[in-house]
Amino acid sequence: MEFEIKRKDFAGRIGKLEIGRSVVETPTILPVINPNLQTINVDELKEMGAQIVITNSYIIFKNLELREKALSRGLHDLIGFDGPIMTDSGAYQLSVYGDVDVSSEEIIDFQKKIGSDIIVPLDIPTPQEASKEKARKDLEETNKRLRQIELDERNFAGPVQGSSFFDLRERSAKEVSDLGFDLYCIGGVVPMMESYDFSELAKSIVASKKNLSLKSPIHLFGAGHPMTFALATLLGCDLFDSAAYALFAKRDKYLTNRGTWDMNEMNYLPCSCPICQKNNINDLLENKTKLAKHNLYSTFEEIKTIKEAIRRGELFELAFERSRTHPELIDGLKIAMGKGKEFFEKITPRSKKNAFFYQGEESLYRPEIKRNLKRLLDMDFEEQTLLISQEDFEIEEKQGVAVFKVKPPFVFPKELKRTYPFGQSIIADLNNEKRLDISKKLIKDFLENEKDEFEEIKTVGEFRIKEIEKIEREEARDNYSKNHG
Ligand SMILES: [Zn+2]
């Protein structure tokens with residue numbers, strides 16, 4: 001398996017994943033294939049956009065007929081899919097029934113024999129309500145099993161567990177990473193998604209991602225709802241799997257990137273996919289395969305929207321828009337930004353083609369803002385005087401005077417006025433107090449470090465900073481009207 005990163009925005013990326021002779025573009029979703037009863041036929045899945053699929057090797061192993069077919073004809077023939085197939089190992093069954101009658105070695109050996117393209121070891125998923133002690137024990141047992149695997153030329157996925165405990169997730173990610181798997185799966189997050197606990201989900205992703213190789217693809221296991229993809233991609237996940245398209249259809253649920261809607265309460269089909277174009281609500285209610293197809297179209301549409309957002313450098317904007325559809329998603333976004341602050345500052349690209357769009361208070365969590373102070377501190381100033389002015393004041397150039405412009409929340413040297421994100425930003429209502437306060441705090445922090453560099457510090461404009469010398473407002477106004485005729 002080779003993974004090449006083509007484009008990056010925030011921790012999200014567009015990647016080229018080569019598995020054998022197949023090439024998969026990430027981020028993408030692996031539709032879950034049920035080997036017993038497949039809702040949408042595999043050729044159609046391909047037409048709809050599936051480049052890679054996932055199925056459960058434990059279900060195949062347990063069914064004598066399927067097992068024999070898989071062993072004699074191979075997994076690809078059994079499923080009828082010629083692209084890459086990832087196989088899960090029964091961890092889900094373990095989480096639901098508390099036991100599986102196969103050992104870790106047996107199921108890995110079986111996945112090898114049937115020709116799986118990505119082998120998933122049998123890890124132990126900890127229930128969300130479990131104690132930390134239990135989570136720690138499960139994690140240790142999982143990692144013991146992982147250390148026993150002989151990693152060969154085949155592709156192996158390394159599962160990250162640790163339940164809702166941030167430090168255990170971190171430890172798990174570090175230990176799994178040290179073993180050197182081909183890709184990493186963040187597991188045990190389905191209960192968090194089912195209970196809309198996106199804060200826990202975001203924390204789990206951040207704790208894992210921070211400690212995994214940036215060069216490896218990351219699979220968020222069991223995440224199949226399009227409303228979560230933008231946030232998860234923003235935080236660095238590349239692969240998702242979905243059984244949701246079929247499971248939700250069984251319960252008359254219509255998936256959209258804004259949430260799940262009950263078809264029995266709908267009057268319109270707002271989507272333009274081929275199913276919604278040619279059918280009405282009753283058709284979809286009567287034919288669950290049609291509904292499942294809409295759900296999958298909607299899922300792939302969101303993936304394409306995310307890829308375009310990465311390409312345009314607007315992934316944060318998209319994740320932010322999506323987070324507005326559920327209060328828990330906003331919390332998830334904020335918590336992730338706080339928990340992963342340094343990590344995101346480090347990996348977010350420094351410049352972008354498109355402008356920084358200020359979309360409201362959540363934009364204040366962006367790394368560009370956190371990075372502002374560092375950028376100022378990294379610069380050398382030889383001038384004796386520092387003049388701090390609001391952005392739209394025209395300041396005459398003078399020898400020995402460094403000019404900082406304030407475009408709340410940003411503060412930047414005049415010379416950088418055309419660069420990202422300072423000049424290259426679209427921010428309405430520049431007098432917003434909260435953002436002014438951020439700028440003031442930034443100036444204070446800067447001066448605390450660099451005050452001795454300047455003999456004199458002056459401000460012009462609306463803001464006042466107690467600690468520094470001020471020019472009278474009237475004087476500033478005079479200058480301003482002079483400059484603006
Ligand atoms: Zn549709």
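Indexing begins at 1, ligand by ligand and atom by atom, following the structure's order. Just so you know, residue 1 is the first one in the sequence shown, and it goes up from there.
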Applying side chain to side chain donor-acceptor pair (under 3.5 Å) to Lys346 and not counting sequence neighbours gives none

Under 2.8 Å from the Zn ion (ligand 1), the protein N, O or S atoms found are Cys271 SG, Cys273 SG, Cys276 SG, His294 ND1

Next on the checklist: Taking the cut-offs as 6.0 angstrom to the six-membered ring centre and 45 degrees off its axis, would you call Arg251 and Phe248 a cation-pi pair?
Outcome noted: yes

Query - Salt-bridge present (Arg350, Glu368; N to O < 4.0 Å) - result: no

Residue set satisfying side chain to side chain donor-acceptor pair (under 3.5 Å) with Lys290, at least two apart, ordered chain then number -> Asn279

For Lys417, the salt bridge (charged side-chain N to carboxylate O under 4.0 Å, His left out) test, sequence neighbours excluded, returns none

> Does NZ or CZ of Arg136 lie under 6.0 Å from the centre of the six-membered ring of Phe165, at an angle within 45° of the ring axis?
Replying inline: no

